[in-house]
Amino acid sequence: MHEMALSESMILIIEQEAVRQRFDRVKTVCLEIGVLSHAEPEAMGFCFEAVSRGTVAEGARLEIQRPPGEAWCMDCAGTIEIARRFDPCPRCGGHQLQVTGGEELRVKELEVV
Amino acid sequence: MCNVCGCGLGEGGSVPASGEPGHVHHHHHDHAHHHEAGAIDYGAGPARAHAPGLSQGRMVQIEQDILAKNDALAAANRRRFAEQAVFALNLVSSPGSGKTTLLVRTVEALKNELPVAVIEGDQQTATDADRIRATGVPAIQVNTGKGCHLDAQMVGHAADHLKLSVGTLLFVENVGNLVCPAGFDLGEAHKVVILSVTEGEDKPLKYPDMFAAADLMLLAKTDLLPHLDFDVDRSVGYARRINPEIEVLQLSAKSGEGFDAWLAWLRAGREAARSGPGQRVADDDQISL
């Protein structure tokens, strides 16, 4: 479950920011996990809870935004929305798609005290 | 039951995934499990909607990619490989696809022609590195312990330990896993995904992230095709639905069929790495990367 490694990276980012921006406790972590990213929000929640124990983010709540999957259809020459990587273009039914959005894995902001 | 934590409906007494004695169960079931025709899809729909108007504490802007640190280390690896004209490949597949057997035959075919080295990733044991070293080629084993993938730091560290000649063809055999290694850049020139014909032809659809990340798909164990119902065209079609650009080669490490094309692909990639911009190519230099 690579969400464990991703959660550890999140803690690293948060602890660096805790020093830089001077806060002692995180109440909320706002995350972007794109619909086409390789992380599962459910698993992230579980792993983050485990990994955050004993850190400034212990007990913090995850607020997860899910940017939609976006792709450029080479046949239609336009941007379309897809829910999964193997979805066809909703306009032409083709698969000549280049993913342009929805792969985000970002810590956006923190609510701190 | 919930496959995230193991808690659950109709499965009384199941042990939470954390396995800790006295584990206090914080994992609230406030999420929706999407049920569709007998399937439970954790990938569908927002898990927890973003609630605006957070109160009390102050908001701190972060805007950092979670993988930023790995990506920076991967970029450093890629720079070092480019400087030394090392052509690095990240081999990914399910367990049991025959990666190591394929690698052994590849190494045997090329070892007298050009410098080859291997980084082997597994959770445990050094048996794969032993198999490579038996060919006379340098190999280093990375055991990830509980980890399910190699990361850029592990590969950088392993490369430190291998005395790589300029112009080396470096294979990184990732942990057998079609899920987790997809997101972790190691600094390789290409991810190469190996799909053996004893697996389902629909694997590209089941594990799309990996097939999206790979530049080349090796369809392996083709000597077994006469005994199987595996539809090669359908499998390639599925892979190209995910990744229209993916190259495909078919081969068998047992019979050797298809190996000429694979070796030609490797030679061409290595030559391109050696003639890249700003290359200082001196074949006899031993350089520790």
Side-chain angles (χ1 to χ4, degrees), chain A residues 1-7 9-10 12-14 16-18 21 23 25-31 33 35-47 49-50 59 61-66 74 83-88 95-99 103-113, chain B residues 2-5 16-18 20 26-28 31 33 42-52 54-70 146-149 151 177 179-184 204-206 208-213 237-238 240-245:
Chain A
M1 184 146 61
H2 62 291
E3 282 82 358
M4 203 57 103
L6 296 177
S7 295
S9 297
M10 278 170 57
L12 210 68
I13 290 170
I14 291 167
Q16 281 167 355
E17 291 296 321
Q21 306 208 42
F23 54 83
R25 200 167 74 77
V26 179
K27 282 183 69 178
T28 313
V29 181
C30 298
L31 281 183
I33 301 181
V35 163
L36 302 180
S37 78
H38 55 86
E40 271 308 314
E42 299 290 346
M44 283 294 275
F46 179 69
C47 292
E49 186 190 307
R61 202 162 51 92
L62 294 188
E63 291 286 352
I64 299 175
Q65 297 177 36
R66 306 229 55 198
M74 290 176 241
R84 295 168 302 188
R85 282 195 185 274
F86 49 82
D87 281 348
H95 285 281
Q96 294 294 311
L97 306 180
Q98 255 170 0
V99 171
E103 296 182 295
E104 298 82 357
L105 267 183
R106 285 174 78 73
V107 182
K108 293 283 289 176
E109 54 184 356
L110 306 175
E111 184 192 21
V112 302
V113 286
Chain B
C2 169
N3 79 356
V4 173
C5 64
S18 71
E20 288 172 25
H26 296 299
H27 179 81
H28 301 297
H31 54 267
H33 290 186
Y42 285 96
R48 298 179 181 91
H50 178 62
L54 300 169
S55 56
Q56 288 147 17
R58 74 187 158 106
M59 299 307 294
V60 173
Q61 295 299 311
I62 304 291
E63 295 293 345
Q64 279 198 48
D65 283 342
I66 295 172
L67 285 167
K69 189 176 176 213
N70 183 75
K146 297 297 169 203
C148 47
H149 59 271
D151 63 37
N177 178 343
V179 182
C180 306
F184 291 82
L205 300 186
K206 288 178 173 170
D209 292 348
M210 189 62 88
F211 289 83
Y238 287 152
R240 294 218 163 111
R241 267 198 217 174
I242 307 292
N243 181 351
E245 308 290 321

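Residues that satisfy the salt bridge (charged side-chain N to carboxylate O under 4.0 Å, His left out) test with A:Glu103, not counting sequence neighbours, are A:Arg85. B:Phe184 pairs by the ring-ring contact (aromatic ring centres under 6.0 Å, His included) definition with B:His149, not counting sequence neighbours.
Only the backbone of A:Ser37 comes within less than 4.5 Å of a heavy atom of chain B; no side-chain atom from C-beta onward does. A:Gln21 touches chain B through backbone and side chain together, each having a heavy atom under 4.5 Å away. Interface residue A:Leu31: only side-chain heavy atoms are found under 4.5 Å from chain B.
Ion pairing between B:Arg58 and A:Glu111 fails under the 4.0 Å rule for side-chain N and carboxylate O.
Ranked by heavy-atom pairs shorter than 4.5 Å toward chain A, the options B:Val60, B:Leu205, B:Asp209, B:Val179 are led by B:Val60. Of all the listed residues (B:Asp151, B:Asn243, B:Leu67, B:Asn70), the one sharing the greatest number of non-hydrogen pairs under 4.5 Å with chain A is B:Leu67. Between chain A and the residues B:Pro208, B:Pro204, B:Pro181, B:Gly147, the most heavy-atom pairs under 4.5 angstrom are made by B:Pro208.
For the pair A:Met44/A:Ile33, a side-chain contact is recorded, criterion being any heavy-atom separation below 4.5 Å from C-beta on. Between A:Leu105 and A:His38, some side-chain heavy-atom pair lies under the 4.5 Å cut-off.
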